[in-house]
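To start, the structure itself, in structure tokens.
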Amino acid sequence: MVKLIAIYKHPQDKEAFDKHYFETHAPLTAKIPGLRKMEVTRIVGSPMGGEGKYYLMCEMYYDDHEALKAGMKSAEGRASGKDVMSFAGDLVTMMIGEEVNE
């Protein structure tokens, strides 16, 4: 499995961020072809104390790199990318990872 990981810094207005993320962005992203599973995690703290640097993380699972690339190139993938840049472009960091089963 391959994951597209989006991690978000704390927004200034958490209520507005959550409303857009959960009512608009997540449903849009869930429609991307080839997406097998989407897990959203709210970051609630740091082992060192305090709230930590990040607010939210989303892991989007695909069968392989080709499925991820195809999903990102789809109309749904482009719409999701455009949306995230419109409301969280300055907050989000995106990464691609591979599951390790050793």
Side-chain angles (χ1 to χ4, degrees):
M1 295 291 275
V2 173
K3 293 189 226 181
L4 177 61
I5 304 160
I7 190 160
Y8 298 85
K9 296 177 189 170
H10 290 270
Q12 285 187 350
D13 185 340
K14 292 178 181 176
E15 187 175 314
F17 178 93
D18 284 355
K19 180 171 177 50
H20 186 90
Y21 187 88
F22 291 106
E23 293 180 14
T24 303
H25 186 68
L28 189 64
T29 300
K31 295 178 183 176
I32 296 174
L35 180 65
R36 293 288 181 198
K37 178 172 69 167
M38 186 167 87
E39 294 181 333
V40 178
T41 303
R42 185 174 319 278
I43 310 300
V44 296
S46 164
M48 305 306 285
E51 70 179 4
K53 182 176 178 180
Y54 297 104
Y55 179 66
L56 201 74
M57 177 177 69
C58 180
E59 297 173 284
M60 296 151 279
Y61 294 77
Y62 294 85
D63 288 337
D64 51 36
H65 288 279
E66 291 73 29
L68 170 60
K69 288 177 192 175
M72 294 300 96
K73 289 180 182 180
S74 70
E76 296 87 349
R78 290 191 309 274
S80 175
K82 184 176 179 180
D83 183 63
V84 76
M85 288 300 124
S86 75
F87 84 98
D90 58 339
L91 302 174
V92 69
T93 298
M94 308 279 282
M95 299 166 268
I96 296 172
E98 295 178 346
E99 286 192 326
V100 178
N101 297 311
E102 293 183 22

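Being a predicted model, the structure only gives us computed values, none of them experimental.
In the hydrophobic cluster analysis, where Ile, Leu, Val, Met, Phe, Trp and Tyr join through side-chain heavy atoms closer than 4.5 angstrom, Met85 is grouped together with Tyr8. Tracing side-chain contacts under 4.5 Å through hydrophobic residues (I, L, V, M, F, W, Y), one reaches Met38 starting from Phe22; they form part of the same cluster.
One finds the CD atom of Glu23 at 9.5 Å from the CG atom of Asp18 (value rounded to the nearest 0.5 Å). Between atom CD1 of residue Ile96 and atom CG of residue Leu68 there is a gap of 5.0 Å, rounded to the nearest 0.5 Å. Note that the NZ atom of Lys69 and the CG atom of Leu4 stand 13.0 Å from one another [nearest 0.5 Å]. Here CE of Met72 is found 7.0 Å from CE of Met60. Values are rounded to the nearest 0.5 Å. Put simply, CG on Leu91 and CD1 on Ile7 are 12.0 Å apart, with the number rounded to the nearest 0.5 Å. To the nearest 0.5 Å, atom CZ of residue Phe87 and atom NZ of residue Lys82 are 14.5 Å apart.
Residues Ala30 and Leu35 approach most closely at CA-CD2, 3.8 Å, considering heavy atoms. Nearest heavy-atom pair across Gly71 and Ile32 is O-CG2, 3.4 Å. Listed here is the closest heavy atom pair of Thr24 and Pro27: O-CD, 3.4 Å. Residues Ser46 and Gly52 share a closest heavy-atom pair of CB-CA, 4.1 Å. Leu56 and Ile43 get closest at one heavy-atom pair: N-CG1, 3.9 Å. Minimum heavy-atom separation, Val84 to Gly81: CG1-O, 3.2 Å.
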Q) Does the pair Lys31 and Glu76 meet the rule for a salt bridge (Lys or Arg N to Asp or Glu O under 4.0 Å), with working shown? A) CA-CA 6 Å; Lys31 295 178 183 176; Glu76 296 87 349; over 6 Å; no
Q.
Please determine whether side chain to side chain contact (heavy atoms under 4.5 Å, CB included) holds for the pair Ser86 and Asp83, giving the CA-CA distance in whole Å, both sets of side-chain angles, and the decisive distance to 0.1 Å.
A. CA-CA 5 Å; Ser86 75; Asp83 183 63; 3.7 Å; yes
(Q) What verdict does the side chain to side chain contact (heavy atoms under 4.5 Å, CB included) test give for Lys9 and Tyr54, after you've listed the backbone C-alpha separation in whole Å, the side-chain angles of each residue and the deciding distance to 0.1 Å? (A) CA-CA 4 Å; Lys9 296 177 189 170; Tyr54 297 104; 4.2 Å; yes
**Q.** Full working for side-chain hydrogen bond (donor to acceptor under 3.5 Å, both in side chains) between His10 and Lys14
**A.** CA-CA 7 Å; His10 290 270; Lys14 292 178 181 176; 3.2 Å; yes
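Side-chain atoms of Arg42 and Tyr55 form a donor-acceptor pair, as typed in the model, at a separation below 3.5 Å.
Of the possible donor and acceptor atoms, one in the side chain of Arg78 sits under 3.5 Å from a partner among the backbone N and O of Lys73.
The environment of CD in Glu15 is sparse: at most 12 heavy-atom neighbours from other residues, nucleotides or ligands sit within 6.0 Å.
Using a 30° and 60° split on the angle between ring planes, Tyr21 and Phe17 fall in the parallel class, below 30°.
Checked options His65, Met1, Lys3; the residue passing with Glu98 is His65 (criterion: side-chain contact (heavy atoms from CB on, under 4.5 Å)).
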